[in-house]
Q: 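Quick one: this structure, given as structure tokens, is what I'll be asking you about.
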Amino acid sequence: MTDVKKIINRTIREYGKERQALMPMLQAIVQVKNHLDDGDMIAVAEALNLSAAEVFGTASFYTFLDTEPRGKYIIRVCKTISCHMAGKDEIIKVLEKHLRIKVGQTTRDNMFSLLTVNCLGWCHKGPVMLVNDDVYPELTPKSAIEIIESYISRK
Amino acid sequence: MMECNKLKRVDIIFCRKGFDLFEVVEKALSRDPDDLISDMIDSGLKGRGGAGFPTGLKWKLARNEEQDEKYVVCNADEGEPGTFKDREILDQVPEKVFGGMAICAYTIGAKKGYIYLRGEYNFLIPKLTEKLEIFNRSLKQIGLDFTIRLRSGSGAYICGEESALFESMEGKRGEPRNKPPYPTVQGYLGKPTVINNVETLVYAFMISRIGPEAFKEMGTKDSRGSKVFSISGDTPRPGIYELELGMTVEDFVNEFGDGDTKAVQVGGASGGCIPRKDFPNTIIGYEGIPTGGSMMLFNSSRSMYNVLHNYLEFFTEESCGQCTPCRVGCQQLLKGIESVKKGDRPPSYLRELVKLAKTMKIAAKCGLGQSVANPFVSIIKNYKEEIIH
Ligand SMILES: Cc1cc2nc3c(=O)[nH]c(=O)nc-3n(C[C@H](O)[C@H](O)[C@H](O)COP(=O)(O)O)c2cc1C
Ligand code: SF4
Ligand code: FES
């Protein structure tokens with residue numbers, strides 16, 4: 001059985017086969033693969049007895065349910081006002097330079113994608129970024145690079 | 001004479017001392033649900049998620065629905081820019097949130113509860129799951145048939161709007177529904193549902209413990225009790241503070257400003273901007289400027305054009321696109337101030353834009369589109385020069 005099939009079966013055991021299981025199922029796939037491809041969405045549609053269009057329609061609504069391939073680690077830098085005032089532009093600049101990509105792109109080795117997002121709920125400790133689910137508040141250009149390096153050495 | 005209070009720190013939400021959580025829940029469950037509801041109404045507690053609907057009344061409406069299946073939903077989608085208190089509450093005192101949900105479930109007759117946690121707070125899931133397991137088990141032991149489960153969002157601000165949140169939980173696009181029917185009649189899966197903000201649920205829990213009187217004593221006639229504020233921007237003391245309601249913006253700025261505060265944005269991107277001249281006569285509360293808790297301070301080094309531009313970008317991205325006034329309106333307001341700034345349009349064009357924002361207030365389907373006028377009109381009105389030049 002493929003990974004995705006396993007995830008689908010596991011989610012059905014926990015959440016049932018009703019449509020309410022759709023978000024948890026898509027989220028569980030993204031948790032492992034960092035994005036959803038057409039095959040995943042068709043498999044989900046079959047499992048929950050939905051049309052593929054309904055699954056695509058739902059997935060495409062949500063920022064975190066990416067339908068584009070992304071790197072192993074998705075960096076999301078907050079661009080909303082408090083982080084803006086705290087210097088998020090500088091953080092984005094050093095990350096772009098260090099990773100040699102622009103916002104919206106993925107490194108060639110598929111390790112990192114760099115994205116910007118709206119308020120992450122750490123406005124008193126900006127600038128802040130997420131790397132997958134982990135939060136890094138009170139960034140400085142130096143700490144931002146150290147954090148990225150720590151992911152590289154984890155591989 | 002305007003009724004207002006001096007700024008005062010309060011310790012209700014995060015306080016853990018002096019009581020046993022399950023004793024409070026058990027005591028509530030030994031009382032008549034109607035009495036619990038009248039306490040809640042009597043306390044004057046209003047929703048802390050932004051809209052400010054009286055909590056006791058909401059519970060009562062759901063209780064009055066004759067349906068076997070009802071739900072309690074905790075709104076932990078916290079996406080309003082400048083708000084971060086719900087994260088801290090769920091991190092520090094999650095059991096008090098669960099306790100509030102359990103008491104609500106008992107009063108309205110719900111067997112299932114959900115916490116809808118924004119995807120940005122996924123890091124809280126392991127801890128919350130563990131605590132929920134223990135809590136659910138303890139509820140069984142004291143004989144309440146109610147189970148709380150966790151659901152996650154996936155990065156959409158609009159899913160904080162209650163009906164969009166239900167759509168999302170139902171596996172659909174997070175597009176707000178028409179209202180009425182309201183959630184207390186048709187909420188999650190079309191069943192009567194009480195949806196409350198994280199902080200509201202903790203206050204509900206604490207009112208069961210300290211009684212409505214102690215709560216009501218604080219605040220003003222229209223804004224009872226205290227509230228948790230998320231404070232950011234140009235301040236030497238950013239962070240989370242629980243304060244008595246009813247203080248003026250002036251008092252607030254004296255405590256949290258950096259000595260050079262030019263404006264305070266109260267209520268996040270969808271709130272209003274208070275300029276310095278209005279600090280003394282603006283009350284932070286439902287009678288003045290209401291807030292879900294976001295307080296952003298700006299000093300004189302900040303360009304209000306940049307602030308407004310950032311908010312409009314936010315709305316343009318987060319509009320669900322379902323209705324035209326909001327989808328097109330947000331884009332036009334953003335393009336509009338850009339073109340005035342560049343000189344492609346005359347300053348008088350701002351008047352047209354203000355008209356558009358006011359039209360959105362009337363014509364947009366949900367609170368997102370309806371709120372854009374709050375920051376737009378207040379910033380244009382008070383900082384026109386900064387927008388033009
Ligand atoms: C665009 C939009 C976003 C919202 N986001 C939230 C949110 O993140 N958290 C919240 O509690 N309420 C949010 N609300 C308000 C909810 O619709 C609802 O009024 C609230 O959850 C009710 O709880 P309360 O009465 O305890 O405040 C939002 C409303 C709108 C229009
Ligand atoms: S007002 Fe905006 S967010 Fe609300 S339903 Fe219309 S398009 Fe969607
Ligand atoms: S503005 Fe960046 S976390 Fe809120």
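Chain A is the first sequence line, chain B the second, and so forth, proteins listed ahead of strands; every chain is numbered from 1. Owing to the predicted nature of the structure, the values given are computational and were not obtained by experimental measurement.
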Q: Find the one option among M23(A), E18(A), Q27(A) whose heavy-atom pairs under 4.5 Å with chain B are most numerous.
A: Q27(A)
Q: Side-chain donor-acceptor pair under 3.5 Å between T80(A) and Y311(B), yes or no?
A: no
Q: Can you see which heavy atom on C119(A) is nearest to which on E80(B), and at what distance?
A: SG-O, 4.3 Å
Q: Give a yes or no on this: more than 12 heavy atoms of other residues, nucleotides or ligands lie within 6.0 Å of atom CD of E90(A).
A: no
Q: Would you mind checking which part of E318(B) comes under 4.5 Å of any heavy atom in chain A, side chain (CB onward), backbone (N, CA, C, O), both or neither?
A: side chain
Q: Compare all side-chain heavy atoms of L189(B) with those of Q20(A) and state whether any distance is below 4.5 angstrom.
A: yes
Q: May I ask you to name which of G153(B), P238(B), G155(B) has the most heavy-atom pairs under 4.5 Å with chain A?
A: G155(B)
Q: Checking S152(B) against F64(A) for the side-chain contact (heavy atoms from CB on, under 4.5 Å) test, could you report, in this order, the C-alpha distance in whole Å, the side-chain angles of both residues, the deciding distance, and whether it holds?
A: CA-CA 11 Å; S152(B) 304; F64(A) 286 9; over 6 Å; no
Q: Does the R19(A) side chain pair with the main chain of K172(B), one donor and one acceptor, at a distance under 3.5 Å?
A: no
Q: Check this for me: does any side-chain nitrogen of one of R149(B) and E14(A) sit under 4.0 Å from a carboxylate oxygen of the other?
A: no
Q: Side chain, backbone, both or neither: which part of R118(B) has a non-hydrogen atom closer than 4.5 Å to chain A?
A: side chain
Q: By a 4.5 Å heavy-atom criterion (distance strictly below it), what part of S168(B) contacts chain A: side chain, backbone, both, or neither?
A: both
Q: Considering only heavy atoms from C-beta outward, does the side chain of K125(A) approach that of S232(B) to under 4.5 Å?
A: no
Q: With chain B, which of A21(A), C123(A), A86(A) has the greatest number of heavy-atom pairs at distances under 4.5 Å?
A: C123(A)
Q: Measure distances from I81(A) to the heavy atoms of chain B and classify the residue's part below 4.5 Å as side chain, backbone, both or neither.
A: both
Q: Could you have a look at R302(B), R151(B), E78(B), M296(B) and say which one has the most heavy-atom pairs with chain A under 4.5 angstrom?
A: R302(B)
Q: Any donor-acceptor pair under 3.5 Å linking the side chain of T58(A) with the backbone of G171(B)?
A: yes
Q: In terms of heavy-atom proximity below 4.5 Å to chain A, should Y157(B) be classed as side chain, backbone, both, or neither?
A: neither
Q: Has T63(A) got a side-chain atom pairing as donor or acceptor with A156(B)'s backbone, closer than 3.5 angstrom?
A: no
Q: Quick one, S230(B) and H124(A) - any side-chain contact, counting heavy atoms below 4.5 Å?
A: no
Q: What part of C159(B) gets closer than 4.5 Å to chain A, counting heavy atoms only: side chain, backbone, both or neither?
A: side chain
Q: Say you draw a straight line from CD of E120(B) to CG of L130(A); how long is it, rounded to the nearest 0.5 Å?
A: 7.0 Å
Q: For L297(B), which atoms come within 4.5 Å of any heavy atom of chain A: side chain, backbone, both, or neither?
A: backbone
Q: Can you tell me how far CG of L120(A) sits from CZ of F84(B), rounded to the nearest 0.5 angstrom?
A: 12.5 Å
Q: What part of K79(A) is in contact with chain B, defined as an atom under 4.5 angstrom from a non-hydrogen atom: side chain, backbone, both or neither?
A: both
Q: Most heavy-atom pairs under 4.5 angstrom with chain A, which of S294(B), G174(B), C320(B), S301(B)?
A: G174(B)
Q: Which atoms of Q265(B) come close to chain A, meaning under 4.5 Å heavy atom to heavy atom: side chain ones, backbone ones, both, or neither?
A: neither
Q: Considering only heavy atoms and a distance below 4.5 Å, find which of G57(A), P24(A), C83(A) pairs most often with chain B.
A: G57(A)
Q: Quick one: CD on E170(B) to CG on L22(A), what's the gap to the nearest 0.5 Å?
A: 11.5 Å
Q: In terms of the angle between their ring planes, are W122(A) and F123(B) parallel, tilted or perpendicular, with boundaries placed at 30° and 60°?
A: tilted
Q: Go through the steps to decide whether I158(B) and F61(A) satisfy the test side-chain contact (heavy atoms from CB on, under 4.5 Å), and finish with yes or no.
A: CA-CA 11 Å; I158(B) 191 59; F61(A) 186 84; 3.7 Å; yes
Q: In Å, rounded to the nearest 0.5 Å, how long is the span from CG of L124(B) to CG of D133(A)?
A: 10.5 Å
Q: So does K127(B) have more than 12 non-hydrogen atoms from other groups sitting under 6.0 Å from NZ?
A: yes
Q: For K365(B), is the NZ atom crowded, meaning more than 12 foreign heavy atoms sit under 6.0 Å from it?
A: yes
Q: If you take all heavy atoms of S60(A) and R173(B), which pair is closest and at what distance?
A: OG-NH1, 3.4 Å
Q: Using non-hydrogen atoms and a 4.5 Å limit, figure out which bit of M169(B) sits close to chain A: side chain, backbone, both or neither.
A: backbone
